[in-house]
Protein chains: 2
Amino acid sequence: MINKKEVLNHFLVVLFNQILNIEEKALKKGPFKVLTLSELHVIEAIGEENPLPMSAVASRLDVTVGTLTIAINSLVKKGYVNRERSIEDKRVVLISLTPLGVEANHHHARFHEEMIAYTVNILEEGEMDVLIKSLSKITTYFETKYDK
Amino acid sequence: MINKKEVLNHFLVVLFNQILNIEEKALKKGPFKVLTLSELHVIEAIGEENPLPMSAVASRLDVTVGTLTIAINSLVKKGYVNRERSIEDKRVVLISLTPLGVEANHHHARFHEEMIAYTVNILEEGEMDVLIKSLSKITTYFETKYDK
DNA sequence: ACCATATACTTTGATGTTCAAAGTAATCGG
DNA sequence: CCGATTACTTTGAACATCAAAGTATATGGT
């Protein structure tokens, strides 16, 4: 009993570190190495839908707007992000991806897909379903218990 | 098929962010809030066994020794870590936890245990085993595929 | 219409993390 | 015993992050 818990804990911790590590290394070897990992996550949060206000992106990322401002400064300079004032409300700054930003986002999405595809390959039919169900239960639990 | 992959990806990403978040918040509310999350991970890596050389701890954490030096400076000042020169080889610096450091480590371990215990509670009998097996497969795969 | 207040964002100053490269001290091999 | 290696520390630089102060715009109440 206790042992299973330790084992589960161990694998979660290891998996955690591995994912961060792999993502970092993949980024620094790929065609978008000018980006940092957190800039890539900003790009992901902006997404390819409508332009979003700073505050919306910051909230998706769970960082302060001040922190986001700095990241956006850099991403605009690098050509990955458009920044424009809203016409209806001139206080609002709308953020969207440039074509280059969209490319970077696709590239990153492809990396995630690959990682997941490998994962799916090495699991058996039923295992996949149980894994999804378990992860779903866990995330839901954490959400209600700890989030916000 | 494709949908399952997306779902799995989604839950992994969410779980990932949740864990970091929860850990951070739990730390800043607890009795060891003077510590940063990465300092806590240094403490965890030092462990409660024998004193370890800097290089051993750095390798556990996968950071450079220079980075570790800075963290240890701070942890020594805060009273969580002992730093002593080895007698056999005076180049070597041996790191160990003070009683306070051990306390912090236990506190952190308890937090992990709780998180895992909740997870176990909400899973059914067989799900737990499949989850462990799946995570084990995934981490092993990542290890051989990506880890150097 | 006006002003106080609230909102959306940027700037600033501070802390923390991390690395690579240069520096220091001790050991080891021939 | 000297040159090379090893173990660590220091330094300089980039980045991430926050809280608080600052700027510009909008809104609600009178």
Side-chain angles (χ1 to χ4, degrees), chain A residues 17 20-21 23-25 27-29 32-46 50-78 80-96, chain B residues 17 20-21 23-25 27-29 32-46 51-78 80-96 148:
Chain A
N17 291 327
L20 251 189
N21 230 280
E23 214 169 2
E24 179 78 43
K25 280 179 189 161
L27 173 60
K28 286 309 172 193
K29 273 182 197 158
F32 295 100
K33 40 172 156 282
V34 293
L35 298 174
T36 66
L37 199 48
S38 58
E39 283 175 341
L40 198 56
H41 289 147
V42 172
I43 286 174
E44 200 180 2
I46 295 169
N50 305 314
L52 291 174
M54 290 291 290
S55 44
V57 177
S59 134
R60 283 188 181 187
L61 289 165
D62 210 17
V63 297
T64 64
V65 183
T67 296
L68 183 62
T69 294
I70 291 166
I72 296 294
N73 287 347
S74 160
L75 285 170
V76 168
K77 194 177 298 174
K78 289 177 182 172
Y80 288 81
V81 162
N82 297 311
R83 167 193 253 156
E84 45 175 342
R85 288 223 161 254
S86 160
I87 307 173
E88 304 104 55
D89 185 337
K90 289 185 205 154
R91 292 169 306 176
V92 172
V93 169
L94 293 172
I95 300 300
S96 56
Chain B
N17 291 328
L20 251 189
N21 230 278
E23 214 169 1
E24 179 80 43
K25 279 178 189 160
L27 174 60
K28 286 307 171 195
K29 272 181 198 158
F32 294 101
K33 41 173 156 284
V34 293
L35 297 174
T36 66
L37 199 48
S38 57
E39 282 174 343
L40 198 55
H41 288 146
V42 171
I43 286 174
E44 200 180 2
I46 294 169
L52 291 174
M54 290 291 290
S55 45
V57 178
S59 134
R60 284 188 181 186
L61 290 166
D62 209 16
V63 296
T64 63
V65 183
T67 296
L68 183 62
T69 293
I70 291 167
I72 295 293
N73 287 346
S74 160
L75 285 170
V76 167
K77 194 177 300 175
K78 290 177 182 172
Y80 288 81
V81 161
N82 297 312
R83 167 194 252 156
E84 45 175 342
R85 291 225 158 252
S86 160
I87 307 172
E88 303 105 55
D89 184 339
K90 289 183 204 153
R91 292 169 306 178
V92 171
V93 169
L94 293 172
I95 300 300
S96 56
K148 103 73 118 354

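Counting heavy atoms from C-beta outward, A/Leu94 and A/Pro53 have side chains that approach closer than 4.5 Å. Side-chain contact between B/Tyr80 and B/Val42 is absent, with no heavy atoms from C-beta onward closer than 4.5 Å. Contact of the B/Arg85 side chain with the B/Val92 side chain is not registered, since no non-hydrogen atoms from C-beta on lie closer than 4.5 Å.
Taking atom CD1 of residue A/Ile87 and atom C1' of nucleotide C/dA8, one finds them 17 Å apart after rounding to whole Å. Put simply, CG on A/Leu37 is 10 Å from P on D/dT17, counting in whole angstrom units. Note: NZ (A/Lys78) to C1' (D/dA14) measures 10 Å, nearest angstrom. One interatomic measurement links the two molecules: CZ of A/Arg85 to C1' of D/dA26, which rounds to 13 Å at whole-angstrom precision. Rounded to whole Å, atom C1' of C/dG16 lies 10 Å from atom NZ of B/Lys28. Here C/dG16 presents its P atom at 15 Å from CG of B/Leu40, a figure rounded to the nearest Å. Put simply, CG on A/Leu35 is 17 Å from P on D/dA14, counting in whole angstrom units. One atom, CD1 of B/Ile72, and another, P of D/dT9, lie 9 Å apart when rounded to the nearest Å.
Residue contacts shown for A/Glu88 are limited to sugar-phosphate atoms, with no base heavy atom under 4.0 Å away. Contact annotation for A/Arg83: backbone-only contact, meaning every heavy-atom pair under 4.0 Å involves sugar-phosphate atoms and none involves a base.
Considering only side-chain atoms of B/Thr69, the nucleotide from D/dC8, C/dT10, C/dT11 that sits closest is D/dC8. Checking C/dC9, C/dT27, C/dC19 against every side-chain atom of B/Val63, the shortest atom distance belongs to C/dC19. Each of D/dT25, C/dA25, C/dC19 was ranked by its minimum atom distance to the side chain of B/Arg91; first place goes to C/dA25. Distances were taken from every side-chain heavy atom of A/Val93 (C-beta onward) to each of D/dC15, C/dC9, D/dT10; the shortest belongs to C/dC9. The listed nucleotides are D/dA26, C/dT17, D/dC8; the one nearest the side chain of B/Thr36 is C/dT17. The side chain of B/Lys90 has C/dT27 as its nearest neighbour among C/dT27, C/dC19, C/dT12. Taking the side chain of B/Ser38 as heavy atoms from C-beta on, and the options C/dC9, C/dT18, D/dT25, the nearest nucleotide is C/dT18.
The two residues B/Ser96 and B/Glu84 make their nearest non-hydrogen contact at OG-OE2, 4.5 Å. For the pair B/Leu35 and B/Leu27, the tightest heavy-atom approach, listed with the atom from each and the gap, is O-CD2, 3.4 Å.
Between B/Ala71 and B/Gly66, the residue anchored nearer the 5' end of DNA chain C, judged by the nucleotide with its closest heavy atom, is B/Ala71. In this structure, B/Pro53 and B/Ile70 both approach DNA chain D, and ranking their closest nucleotides by distance from the 5' end singles out B/Pro53.
Looking at A/Lys78, its side chain never comes within 3.5 Å of a backbone N or O of A/Asn73 through a donor-acceptor pair.
Residue B/Thr64 places none of its side-chain N or O atoms closer than 4.0 Å to OP1 or OP2 of C/dT18.
Sorted by residue number, the members of residues 54-62 of chain A with any non-hydrogen atom under 4.0 Å from DNA chain C read A/Met54, A/Ser55.
Side-chain atoms of B/Asn17 and A/Asp62 include no donor-acceptor pair closer than 3.5 Å.
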*asked:* Please evaluate residues B/Leu40 and B/Phe32 with respect to the criterion side-chain contact (heavy atoms from CB on, under 4.5 Å), reporting the C-alpha separation (whole Å), side-chain torsions for both, the decisive distance (0.1 Å), and the verdict.
replied: CA-CA 9 Å; B/Leu40 198 55; B/Phe32 294 101; 5.7 Å; no
